[in-house]
**Student:** 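There's a structure below that I have some questions on.
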Number of protein chains: 2
Amino acid sequence: MTDAPGDAWGDTRARVEQAALDLFTLKGFEQVIIDDVAAAAGISRRTFFRYFATKADAVWGDFGTHVARLERLLADTDPAEPVLASVCAAYVEVNDYAEADLPLLRERMQLILTEPALLAHSQLRYADVDRVVAEHVARRTGTTPAALVPRLVAASTRAAATTAFQMWLADEGSSLTVQLHQTLDEMARGFPTLRP
Amino acid sequence: MTDAPGDAWGDTRARVEQAALDLFTLKGFEQVIIDDVAAAAGISRRTFFRYFATKADAVWGDFGTHVARLERLLADTDPAEPVLASVCAAYVEVNDYAEADLPLLRERMQLILTEPALLAHSQLRYADVDRVVAEHVARRTGTTPAALVPRLVAASTRAAATTAFQMWLADEGSSLTVQLHQTLDEMARGFPTLRP
DNA sequence: TTGCCCCTGGCACCGGGTGTCACTAACGTC
DNA sequence: GACGTTAGTGACACCCGGTGCCAGGGGCAA
């Protein structure tokens, strides 16, 4: 999905995405209409929908690549490693962003986790992530992705990861990697903090 | 929210809800337009939106009452009981439906968990549940609802409960209570099934 | 009867999303 | 240089979910 440098299509898409992100952050997702984004990006309303299937999709960047990377990370894990640990490690690693990319990520996640329409939409995107994780766990445990444990691991780890993102957003100075590690650990170990 | 018997408003609302549920199940959520539901219920399109704020809301019944009941159950838990256990128990109890209500619940949940638009919408409804659970955990642990553990417990238990519902839907003959118990336990105990 | 209130339907409108068509700027071919 | 092809674009009409507004109509009390 990432295009060669100088590619007009990818350039335009990036420009539209930037315009959308800026406007959404500035005025709120619901308050911005497609015509605003299109105008800011110098294209027509119709063309906007050629780059993004929905208004919400303009916020997600190349999330498909992200999911594909997670899938690869999971496939490459050491079979000797405990399944749950492998999933947690992959979650941490796939979210190991370069310092320079963090501000953009923060802007994206801030929108996704606070704007109701985007929060709802996120469920559809995360379904892919769940599928990938459940398939991995099923492979490792000799069951099917529809079995309890694969489904549960996928749902729980995603819940923990989302919580980690919320904590990261709330604390400007914190490290996303640390937050993910801490949150996934707390859950995977059965909430040691709460034990008497 | 439940109205006195003979109440015309509550009767109409129930009739619209039934019509919506039937049509959605029969033809699929996206394939049914509001005019179809309105016609089937003998009202106008405009009136539909006086009973339900959105198309999706017609599927949820009196979910607000449900959340309120969960809140009460959590408030009434024994302070000596471990926090996580109290949340799991409350989740199980609030979903302890009468035998006669199970078919309707199954129809609702089938729609919510399989129709993309409804799955997305569910995130907004569940936000209330998360808030209630996080507040409970915060109270019990002397922190705030925005702290890591309250948020994480809310997110994880909901993930587990959702998984339990999926398993229940997939197995026609199973018990929802048993599924919830099993799934919440598996997660709360740190996934004993996966331990070497 | 009159006035009030609530429920209702009709209508116009907004905004996200789609299908269709016509235009234009590349580009290679003869 | 004329030609057909192709991809990207904009304009337009349309669908559908959702809302604001106003006009009726039935019950009910004074």
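Remember, it's a predicted structure, so these values are computed and weren't measured experimentally. Proteins come first, then strands; the chains are lettered A, B, ... in the order of their sequence lines, and each starts at number 1.
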**Student:** What is the distance from CG of A/Asp35 to C1' of D/dA11, rounded to the nearest Å?
**Tutor:** 13 Å
**Student:** How long is the straight-line distance from CZ of A/Arg139 back to CD of A/Glu135, given to the nearest 0.5 Å?
**Tutor:**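 Between A/Glu135 CD and A/Arg139 CZ, I get 7.0 Å after rounding to 0.5 Å.
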**Student:** Quick one: B/Arg45 CZ to C/dC13 P, roughly how many Å, whole number?
**Tutor:** 15 Å
**Student:** Which nucleotide in the set C/dG16, D/dT9, C/dC7 lies at the smallest distance from any side-chain heavy atom of B/Tyr51?
**Tutor:** C/dC7
**Student:** Please determine if a side-chain N or O atom of A/Ser44 lies less than 4.0 Å away from the OP1 or OP2 oxygen of D/dT9.
**Tutor:**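 No, because none of the side-chain N or O atoms of A/Ser44 sits under 4.0 Å from OP1 or OP2 of D/dT9.
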**Student:** Please verify the inter-ring angle class for A/Tyr97 with A/His66; under 30° counts as parallel, over 60° as perpendicular, anything in between as tilted.
**Tutor:**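 Rings of A/Tyr97 and A/His66: parallel, as their planes differ by under 30°.
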**Student:** Between A/Thr47 and B/Phe29, which has a closest nucleotide on DNA chain D that is more 5'?
**Tutor:** A/Thr47
**Student:** Rounded to whole Å, please give me the gap between CD1 in B/Ile34 and C1' in C/dC11.
**Tutor:**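 From B/Ile34 CD1 to C/dC11 C1': 18 Å.
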**Student:** Return the value, rounded to whole Å, for the distance between atom NE2 of B/His121 and atom P of D/dG17.
**Tutor:** 14 Å
**Student:** Could you tell me the separation between the CZ atom of A/Phe49 and the P atom of C/dT20, rounded to a whole number of Å?
**Tutor:** 17 Å
**Student:** Considering only side-chain heavy atoms of B/Ile33, which listed nucleotide, D/dC16, C/dG9, D/dG18, is closest?
**Tutor:**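 Of the options given, the side chain of B/Ile33 lies nearest D/dC16.
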**Student:** Provide, to the nearest angstrom, the distance between the NZ atom belonging to A/Lys55 and the P atom belonging to C/dC14.
**Tutor:**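 Taking NZ of A/Lys55 and P of C/dC14, I get 16 Å after rounding.
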**Student:** Nearest whole angstrom, please: distance from the C1' of C/dG17 to the CZ of A/Phe52.
**Tutor:** 15 Å
**Student:** Do you know the tightest heavy-atom contact between B/Ser174 and B/Met167?
**Tutor:** OG-O, 4.3 Å
**Student:** Between D/dT9 atom P and A/Phe48 atom CZ, what is the distance in whole Å?
**Tutor:**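 So the CZ-P distance, A/Phe48 to D/dT9, works out to 14 Å.
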**Student:** Looking at A/Pro150 and A/Val137, what are the two nearest heavy atoms and their distance?
**Tutor:**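 Taking A/Pro150 first and A/Val137 second, the nearest heavy atoms are CA-CG1, 3.6 Å.
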**Student:** Check whether the side chain of B/Arg46 and the base of D/dG20 form a donor-acceptor pair under 3.5 Å.
**Tutor:**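 Result: at least one qualifying N/O pair found.
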**Student:** So which nucleotide from C/dG17, D/dG10, C/dG9 ends up closest to the side chain of A/Ile43?
**Tutor:** D/dG10
**Student:** Please evaluate the base of C/dG9 for a donor-acceptor partner in the side chain of B/Arg50 within a cut-off of under 3.5 Å?
**Tutor:** yes
**Student:** Considering every strand and a 4.0 Å limit on heavy-atom distances, what is the contact class for B/Val37: base, sugar-phosphate, or nothing?
**Tutor:**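 B/Val37: no heavy atom of the nucleic acid under 4.0 Å.
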**Student:** Can you label the angle between the B/Phe52 ring and the B/Phe48 ring as parallel, tilted or perpendicular, going by 30° and 60°?
**Tutor:**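 Tilted.
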